[in-house]
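Predicted model, so just to flag it, every value in this text is computed and none were measured.
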Amino acid sequence: MLKAVCLSLKEANSYVAENHRHHGPVIRDKFRVGCAENGKLVGVANVGRPLSRYLDDGKTLEVLRLCTDGTKNACSFLYSRCARIARELGYEKIITYILETESGDSLKASGWEMEAPECGGGHWNCPSRPREEGTTVQPTLFGEKIIKKEAPTCKKQRWCKILNFHTAPSKSTPLSLTKATY
């Protein structure tokens, strides 16, 4: 049986560094949650402010990293738990991005919906702000080093889950449509 566990940022980043296929650890987040089965950590999720400044409205969070060891239902468990925590913190929406080659089955199972089928892609390097490509090592203020993996440059899919509804239920609206279910 899957169980949510608390993690420090350092513990979550260590798991991501070892297990994530194409991204390295995050620098900061709002919260993180782990997933354990029989006492063994089988997945982590980091949630923070949206990276897109256009989506950073103070009411939205983004799942920045979600990484598992392949344990059945761990991804769905973590996406659901992230949405529940974000809702309890008062946020109205949570988003995440996946590669366009990924199916999104875990997101569908958790009640998320595809918001943008093709977005992003490319790389951050541009003439006005040159960036190094490839894997780099970034030192931190605390003497640790963060290894940055080369991010994929393909198009992404943006998925979202609306967490709070601000409309009062009318007599014709079923109560189930006025609340987010988890």
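Atom CZ of residue R65 and atom CG of residue L78 lie 15.0 Å apart, to the nearest 0.5 angstrom. Here the straight-line distance linking atom OG1 of T96 with atom NZ of K161 works out to 13.5 Å at 0.5 Å rounding. Rounding to the nearest 0.5 Å gives a distance of 11.5 Å between CD of E115 and CH2 of W159. With values rounded to the nearest 0.5 angstrom, M114 atom CE is found 6.5 Å from I98 atom CD1. Here the straight-line distance linking atom CG of L61 with atom SG of C160 works out to 13.0 Å at 0.5 Å rounding. Note that NZ of K3 is 12.5 Å distant from CG of L41, once rounded to the nearest 0.5 Å.
Scanning both residues, S110 and S76, for their nearest heavy atoms gives OG-O, 3.0 Å. Residues V16 and N46 approach most closely at CG2-OD1, 4.0 Å, considering heavy atoms. In plain terms, the two heavy atoms of A83 and L163 that are nearest each other are O-CD2, 3.7 Å. Shortest non-hydrogen contact noted between C82 and V63 is CB-CG2, 4.3 Å. Considering every non-hydrogen atom in both C35 and V5, the closest pair reads N-CG2, 4.0 Å. The heavy-atom pair separating L64 from V26 by the smallest distance is CB-CG1, 4.0 Å.
S80 places none of its side-chain heavy atoms less than 4.5 Å from the side chain of R84. For the pair Q157 and E102, the minimum side-chain heavy-atom distance is 4.5 Å or more. Within the 4.5 Å cutoff, side-chain heavy atoms of R158 are placed close to those of L55. Using a 4.5 Å heavy-atom cutoff, the side chains of I162 and K93 are in contact. Looking at L99 and K156, their side chains come closer than 4.5 Å, going by heavy atoms from C-beta outward. Annotation: side chain of I94 is not in contact with side chain of Y79 (no heavy-atom distance under 4.5 Å). A heavy-atom distance below 4.5 Å is not found between the side chains of V44 and R32. Within the 4.5 Å cutoff, no side-chain heavy atoms of L7 are placed close to those of Y15.
Side-chain atoms of T68 never come within 3.5 Å of backbone atoms of T71 as a donor-acceptor pair (strictly under, hydrogens ignored). When atom types are taken as modelled, the side chain of E100 and the backbone of E118 share no donor-acceptor pair closer than 3.5 angstrom.
Looking at D57 and T60, their side chains do bring a donor and an acceptor atom within 3.5 Å of each other.
Qualifying salt bridge (Lys or Arg N to Asp or Glu O under 4.0 Å) partners for K30, counting only residues two or more places apart in sequence or in other chains: none. Legend: residues meeting side chain to side chain contact (heavy atoms under 4.5 Å, CB included) with A4, ordered by chain and number and at least two apart, are V33, F77, R81. Listed by chain and number, the residues in a side chain to side chain contact (heavy atoms under 4.5 Å, CB included) with L89 are F31, I85, Y91 (sequence neighbours excluded).
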Q: Take K108 and D105, measure what side chain to side chain contact (heavy atoms under 4.5 Å, CB included) needs, and give me the verdict at the end.
A: CA-CA 5 Å; K108 291 174 197 169; D105 289 340; 3.9 Å; yes
